[in-house]
2 protein chains.
Amino acid sequence: MVTEITALRIVGTAFYEEYAAAMARTRPTADAGATDRPGSWRELAVARSLDPARARAEERVQRFLDAAVELMMENATGKDFTVQDVVERSGQSLRSFYQYFAGKHELLLALFEESVRSTAEQLQQTVDEIDDPLERLHRFVVEHYLACRPLPSTSSRRKIPSPAAMAEFGQKLLTEHPKEASRAFMPVVSLFERLLDDAAAAGVIRPGMDHRSVAGIALQAIMFNAFAATISGTPISRDGSAAADELWTLFFSGIGAGTSKGA
Amino acid sequence: MVTEITALRIVGTAFYEEYAAAMARTRPTADAGATDRPGSWRELAVARSLDPARARAEERVQRFLDAAVELMMENATGKDFTVQDVVERSGQSLRSFYQYFAGKHELLLALFEESVRSTAEQLQQTVDEIDDPLERLHRFVVEHYLACRPLPSTSSRRKIPSPAAMAEFGQKLLTEHPKEASRAFMPVVSLFERLLDDAAAAGVIRPGMDHRSVAGIALQAIMFNAFAATISGTPISRDGSAAADELWTLFFSGIGAGTSKGA
DNA sequence: ATCAGACGAGAACGACCTTTCCAGCCGCGA
DNA sequence: TCGCGGCTGGAAAGGTCGTTCTCGTCTGAT
């Protein structure tokens, strides 16, 4: 009976194929005693028969997620919501929550992944309208910065946790579960990396850099300068785009006077 | 009676004058009914008579801090310690703990401030041995990066929380209490800012930058790239100094090819 | 019709942080 | 010297929150 629960749990949190695959690999057919065998048609049949259940489960999970997003958007203070809150808001039971999520952290991770994914899509869309590789990088940095701001003014058609609210959790995730965090961040990092590759191919950025690593560093700087007061205590009252451009300039030109090499 | 408690609490957490001043300003002579008046000699007398008590209190507070640092250094995993743990380790009572600290967060804040302060001193010392302003910046970045690494190999003569362990809490603090976090970070930020000023005066860095803001951004990037896996998921196994130099190069030269301007 | 299993409602548990109460103890002033 | 006020240790209690468990109901598949 463990297998079914696991399956449902996978349905719940697997918004991305890699995640589901990873989970499946982790617990591959826990008790292979009775039903499942590596046959071909049998699996398909089981999957088909599981379809309605899967649909139901997905709908339930989605209700939890929606409730969590609602709570997150109401509490502008970033105050953490309680599992109880999510349960009550979703009109379901605590029992069900733990049926679908291994714990609160899985819920948060799911929200975070969804946020990153949607942000990446939006950025991809924005960037696609631009031809110049360097300008694409520029826009990416600025837009991502603005998206991570407390009030992104993004009329989210869908119920999607704002990147701003998620950035904070992203940070926490990055320190507590680096592995999962990295995977969750993948969509944006990959996009950024691709832009860097293109720019490098066009010869508009300095060669010899590890684009993946640069992307990581830059994204971290962008996100956490956007959503929080900087270490320096600089007030965030300034116009968003001004700060964004400042960050871009620093990122692009560095601090050097351009007369000598860095090291 | 509230005033005395407050006073001791100030003694406990006020490792920096600004902090004490702020607290004093916050609760200025709570009940001015009986004893204290803005006289001159009277205050001095009270202060003198309070001296032994103050010494005792400071010693007690220090015991709590030492215990906390010990626990923090034992748990290499960064696992959070409990207030109970600190109390037991320090051989004092829970009652006393809350006599000196308004809560766990004050203890953490105190540890954090001390860590930043000592790190700043050490960096200052290191940098003082160098003449070239640019090289000073370079060393600052590299050393700070290395200091924030999980295993800094710093033979801490004193009981001082390692910057690595503190970086994580620093991040949390930065999101939850930006005000206090900024103040706690001040020593390092100011030092960095000064180095930037010097470098600018020497003409070796790009003019027109807000040094304070740049310092904040850079420090954040340095610290949280040092102690955590980067967003990109790059393994941290590489030699520390190599990664540090990479970060410095990026910070100094940016990503630009140097042919065109950033914006 | 039957039966496994999902589901809801809620109690219960355990880990923490925090507060509070009580009884000693010490120092300081009358 | 005595007594008062306040610090201190010991311990218990309160509160929050995540997580688990119990029990009874309902549904959907066979």
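First the proteins, then the strands, lettered A, B, ... as listed; each starts at 1.
Under the 30°/60° scheme for interplanar angles, the aromatic rings of His105(B) and His177(B) are found to be tilted.
Distances from the side chain of Ser93(A) to the nucleotides dC17(C), dA6(C), dA9(C) place dA9(C) closest. Ranking dC17(D), dC17(C), dC7(D) by closeness to the Arg56(B) side chain, first place goes to dC7(D). Side-chain proximity of Arg60(B) to the nucleotides dA6(C), dT19(D), dT8(D) is greatest for dT8(D). Considering only side-chain atoms of Tyr100(B), the nucleotide from dT8(D), dG10(C), dC7(C) that sits closest is dT8(D). Distance from the side chain of Gln92(A) is smallest for dG8(C) among the nucleotides dC17(C), dG8(C), dT8(D). Side-chain proximity of Tyr98(B) to dT20(D), dC17(C), dC7(D): nearest is dC17(C). The nucleotide whose nearest atom lies closest to any side-chain atom of Arg95(A) is, among dT22(D), dC17(C), dC7(D), dT22(D).
The distance from atom CZ of Phe97(A) to atom P of dG10(C) is 19 Å, rounded to the nearest whole Å. Note: CD (Glu88(A)) to C1' (dG10(C)) measures 12 Å, nearest angstrom. Protein atom NE2 of His105(A) is 12 Å distant from nucleotide atom C1' of dT19(D), rounded to whole Å. Atom-to-atom, CG of Leu71(A) to C1' of dC17(D) comes out at 15 Å; the value is rounded to the nearest Å. The interatomic distance linking Phe81(A) (CZ) with dT16(D) (P) rounds to 19 Å, in whole Å. Leu94(B) has its CG atom 13 Å from the P atom of dT20(C), to the nearest Å. Nucleotide dA4(C) holds its C1' atom 13 Å from the CD atom of Gln99(A), rounded to whole Å. Spacing between atom CZ of Arg63(A) and atom C1' of dG8(C) amounts to 11 Å, rounded to whole angstrom units.
By the 4.5 Å heavy-atom criterion applied to side chains, Leu107(A) and Phe97(A) are counted as neighbours.
Although no hydrogens or angles enter the test, the distance criterion places a donor-acceptor pair under 3.5 Å between the side chain of Ser190(B) and the main chain of Met186(B).
The pair Arg89(A)-Glu74(A) counts as a salt bridge, with a side-chain nitrogen and a carboxylate oxygen less than 4.0 angstrom apart. For Glu113(B) and Arg117(B), the salt-bridge test fails: no basic side-chain N is under 4.0 Å from an acidic carboxylate O.
Taking 4.0 angstrom as the limit, Ser96(A) places none of its side-chain polar atoms (N or O) nearer than this to OP1 or OP2 of dA6(C).
Residues Lys104(A) and Gln84(B) both approach DNA chain D. Their nearest nucleotides, taken by heavy-atom distance, put Gln84(B) toward the 5′ side.
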